[in-house]
Every structure is written in C-alpha cells, then in structure tokens.
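Below, read A as the first sequence line, B as the second, and so on, with proteins coming before strands; counting in each chain starts at 1.
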2 protein chains.
Amino acid sequence: MNRPAPDLLKPRKTPQQSRSAATIEAIHTATIQVLLADGVGRLTTTRVAERAGVSVGTMYQYYPHKQALLFAIVERQLDLIVTAMLGAVERLEGHDLQTVSDGLATAWLDAKMADLVSSRAIYGIAAEFDLAELMSRAKNLMVEAISPLLRAVPDARFADPDLTAFMLAALLGGTVRVVMEAGSSEDDLERLRQELPRACLGYLKMAALQPTSL
Amino acid sequence: MNRPAPDLLKPRKTPQQSRSAATIEAIHTATIQVLLADGVGRLTTTRVAERAGVSVGTMYQYYPHKQALLFAIVERQLDLIVTAMLGAVERLEGHDLQTVSDGLATAWLDAKMADLVSSRAIYGIAAEFDLAELMSRAKNLMVEAISPLLRAVPDARFADPDLTAFMLAALLGGTVRVVMEAGSSEDDLERLRQELPRACLGYLKMAALQPTSL
DNA sequence: CTAAGATATGAAGGATCCTTCAGTTTTGGA
DNA sequence: TCCAAAACTGAAGGATCCTTCATATCTTAG
C-alpha cells in the first residue's frame with residue numbers, strides 16, 4: 001500500500017574491518033531497542049545512533065537511508081523465521097498428521113518466542129513502508145514447503161494441499177501475531193502455546209479428506 | 001509499546017450545525033483515503049485537509065492533534081466490528097456447534113469485508129501509537145460475549161470456555177488480518193472465505209470435551 | 001614505522017510537518 | 001432583515017528530522 005520499496009535498499013558497503021561489523025551489530029540492536037521503547041513513529045536516525053554509541057554519519061556509511069536500515073532489520077528477522085520453519089518441515093517429512101501438526105505449531109511458536117522482543121518490534125515496522133513484497137516472499141517459501149509436507153503425511157489425504165498450506169500459514173502467522181502485538185501478558189502467551197497446536201490439528205483434520213485415524 | 005495514549009484524545013468540540021457534521025465525515029473518509037494511498041508515514045494534516053476539501057485549521061477545530069484524528073478513526077471502525085460480532089453472538093445463542101462456528105466465522109469475515117478498504121487502512125495505524133488499550137478492550141468484549149455462547153452450545157462441552165473463546169478470537173482476528181494485510185489478491189480472500197469456517201469448526205471440535213456428534 | 005585505505009564524527013543545510021490564530025465567511029434564530 | 005455564534009481559512013512560527021560532507025581518527029599491509 002505504501003511507497004514502493006526503493007530498489008536501492010541494500011547496505012551501502014560491506015564491512016572489511018572487524019570494528020565495522022561490531023558497529024553494524026550495535027546499530028541493529030539499537031534500532032530494535034528504540035523501536036520497542038518509542039515505536040516506529042519516534043524512531044529517529046539520531047536516536048538510533050545515540051543509542052548505538054555511534055554518530056549519525058556512521059549509520060549512513062552502511063545504509064543509504066533510514067528505510068534501508070529498517071528493511072535490513074526486517075529481512076534478517078524474516079530469514080530467521082523462514083529458516084527455522086524450513087528446518088522443521090524437513091524434520092517432519094513423512095510423519096503422521098498429529099506429529100506434523102504439533103511440530104509446525106511448536107516450531108512457529110519457538111521461532112517467534114525465541115526472539116520475542118525483536119519480533120514484537122518488527123511488527124511495528126510493517127505499516128511504515130511497503131513490506132508486502134518481503135512478507136509475500138516469505139509466505140510463499142513457507143507454503144511451498146508445507147504443501148509437499150502435507151502430501152507426504154501417511155494418515156491423511158488433502159484435496160488441495162496448496163490451499164490447506166496457505167490457510168495453515170495464515171492461521172499460524174496471524175494468530176501468533178495478534179496475541180503478541182496485543183498486551184500479550186505472559187499469561188496470554190501461555191494460553192497461546194497451549195491452544196495453537198490444537199487449532200492447528202483441528203484445522204488439518206477438518207481439511208483432510210478421509211481421517212483414517214481419529 | 002509506543003507513546004502512552006494521551007488522555008485528551010477526544011474530539012475538541014461537537015458539531016452543532018449540519019455542515020460541520022458533513023465536514024467531519026469528509027475528514028474521516030479523506031483520512032482513510034490518504035492512509036490507503038500513501039500509508040501512515042505519509043499521512044499529513046495538510047494532505048488530509050486537502051483531500052477533504054477543507055483547510056487545515058478546520059481539522060484542528062475538531063481534533064486537538066493528528067493522533068486524535070487517527071484515534072477516532074480506529075475507534076469508529078472497531079465499534080463497527082464489535083457491534084457486528086455481538087449481534088452475531090446474540091443470533092447464534094443456543095444453536096449447535098456447527099452453526100455457531102460457521103456463524104462466527106462468517107460474521108467476522110463479513111464485518112471485515114464489508115469495509116475492506118477501511119479495515120486495511122486501519123491496520124496501518126496500529127503501529128503508529130498505542131492502540132493496545134483500544135484493541136484490548138474490543139478483544140475483551142468479544143471474548144466475554146463468545147464465552148457464554150460456547151457454554152450454551154447444546155452438542156458440545158468445553159473444559160475452559162474462556163480459554164477457547166480467547167483462542168477463537170485470536171484465530172479469527174489474526175488469520176483475517178494477515179491475509180488482508182498481505183498482497184491479498186481477490187483470490188486469496190476467496191480462499192480465506194472458504195477455509196476460515198473450517199479452521200474455526202476444526203478448532204472448536206478439538207477443544208470440545210465430548211463431541212456428541214461427529 | 002608509515003602511508004593509504006577504512007571508518008567515524010557531528011555541525012549544518014534543506015525539507016517537511018504540526019499547530020496556531022487573527023481574520024473572514026456562513027448559518028440560523030430573533 | 002440582522003447579528004451573534006459557529007464554522008472556516010491559510011500564512012507563518014516553531015520544532016523535528018533526514019542526509020551530507022569536510023575533517024579527524026583508526027587499522028593494517030608493506
């Protein structure tokens with residue numbers, strides 16, 4: 001919806017000395033901290049630099065503009081999630097419905113919870129500029145991985161595995177997101193951890209054509 | 001996470017002549033249009049006023065600041081959704097599990113789709129400042145309505161209706177949100193409309209203690 | 001040790017943007 | 001018709017904020 005993601009969104013230069021790598025890391029974590037403390041609306045180049053213990057100019061040596069910084073942060077986080085999920089899919093191939101369902105739900109929760117702070121911060125960026133492309137790519141990767149996984153489940157057949165995978169991804173992603181984005185007390189997270197696998201399995205059983213095992 | 005919602009977020013004055021009511025309406029729709037066209041980051045008091053065919057000063061006669069405007073927009077939209085859902089709950093009281101499940105899913109989808117444009121725009125605001133309180137209140141209203149509805153379902157018993165209602169609300173809200181927020185082709189929306197009721201029913205059957213009817 | 005390249009600094013230019021308010025126009029009742 | 005209240009206008013003050021670049025400091029190969 002927002003401004004089209006600029007093409008030149010990539011880092012300006014790659015670090016060659018070790019200290020610059022440290023600087024970049026500092027900038028990244030500072031960005032997330034500012035994001036959490038003040039929100040996207042108050043995220044300022046100066047503020048981030050200050051928190052990173054770095055001057056503003058330094059930031060601009062690695063990112064052509066603010067957007068590029070935010071973009072990089074989101075991309076990294078998304079990569080973490082996708083990688084975790086692809087790993088889970090590989091591990092689950094050929095297992096029965098219950099195992100696959102639980103495995104996916106747990107993997108998703110773990111991936112998000114592992115860096116709950118980052119995740120929560122990231123959600124705030126989404127609206128600021130066009131992440132639809134990034135998100136879409138990540139979603140497609142997941143659907144394309146889950147679909148064959150569903151086909152390989154021995155004790156269930158799905159009429160339209162692509163459709164089911166799509167819905168499953170939406171269900172996992174969305175449910176976790178709203179709970180985390182809301183007040184998300186420790187209590188709510190626990191409720192989520194308890195119920196998400198059920199929801200997951202419930203839907204899959206519903207989508208399966210002939211539940212050979214109940 | 002973001003700045004705490006100011007107390008003085010309410011409209012500055014209430015319209016007394018009919019033309020001011022029209023002005024307010026124009027401002028509201030203009031806000032949504034700008035939101036969709038340019039995103040929150042580019043939403044400007046001037047831009048909104050321009051689009052509404054009104055001067056900036058006029059806006060400030062009704063809202064003390066930009067935030068108040070956004071706040072009002074979100075509040076209105078949230079009210080629409082909640083009202084729709086409460087209506088659905090009332091209609092569904094005492095019906096069987098399948099009916100209740102389908103009814104809730106459909107009601108939610110309809111409420112969102114009815115003003116898909118607004119909804120999509122609203123999602124963009126969430127990150128800008130603290131809507132957690134608003135959202136949380138809406139969520140609680142829904143959970144408090146759904147919970148007794150579940151208790152009244154004749155053909156299923158739930159161990160913890162509150163928990164199930166909580167999860168159901170998260171599932172509905174989250175799943176629809178991510179699909180709408182993504183590219184959300186007409187195609188994806190159709191898939192969602194088809195699969196959401198299944199997911200809903202699947203989860204509820206899973207959460208029910210003794211499924212008297214399969 | 002030294003020079004060249006890499007990295008860091010931060011004041012300041014330029015661009016918005018939010019908000020105000022003194023003054024104008026419109027409305028509706030007396 | 002007339003006027004007081006309501007509504008509207010929009011230029012301009014004041015506050016950020018993003019980004020640049022001339023300069024300074026650090027690192028490492030030779």
Hey, is A/E25 close enough to A/R19 for a salt bridge, meaning N to O under 4.0 Å?
no
Does a side-chain heavy-atom distance below 4.5 Å link B/L149 with B/L104?
yes
Side chains of A/Y123 and A/V74: does their closest heavy-atom pair fall under 4.5 Å?
no
As a quick check of understanding, evaluate side chain to side chain contact (heavy atoms under 4.5 Å, CB included) for B/L189 and B/R193, giving each step before the final call.
CA-CA 6 Å; B/L189 292 181; B/R193 184 174 278 287; over 6 Å; no
Just checking B/S20: base, sugar-phosphate only, or nothing, at a heavy-atom cut-off of under 4.0 Å?
sugar-phosphate
Atom OH of A/Y62 and atom P of C/dT9: how far apart are they, to the nearest Å?
10 Å
What are the 5'-most and 3'-most nucleotides of DNA chain D lying under 4.0 Å from any heavy atom of chain B?
D/dA6 to D/dG10
Both A/T23 and B/V56 contact DNA chain C. Which one's nearest nucleotide lies toward the 5' end?
A/T23
Between B/V153 and B/H95, does a side chain to side chain contact (heavy atoms under 4.5 Å, CB included) hold up when you go through it step by step?
CA-CA 6 Å; B/V153 169; B/H95 289 251; over 6 Å; no
Output side-chain donor-acceptor pairs under 3.5 Å for residues 161-177 of chain B, partner residues at least two apart or in another chain, one line each.
| residue | atom | partner | partner atom | Å |
| --- | --- | --- | --- | --- |
| B/D162 | OD1 | B/S147 | OG | 2.6 |
| B/T164 | OG1 | B/D160 | O | 3.3 |
| B/T175 | OG1 | B/L171 | O | 2.7 |
| B/R177 | NE | B/E181 | OE1 | 3.1 |

Under 3.5 Å donor-acceptor, A/S55 side chain and A/G57 backbone
yes
Any heavy-atom pair between the side chains of A/K112 and A/L116 that's under 4.5 Å?
no
First of A/G57 and A/T44 reached from the 5' end of DNA chain D, by closest nucleotide:
A/T44
Applying a 4.0 Å non-hydrogen cut-off, can you work out what B/I24 is touching in the nucleic acid: base, sugar-phosphate, or nothing?
nothing
Between protein and nucleotides 28-30 of chain C, what N or O pairs are separated by less than 3.5 Å?
none

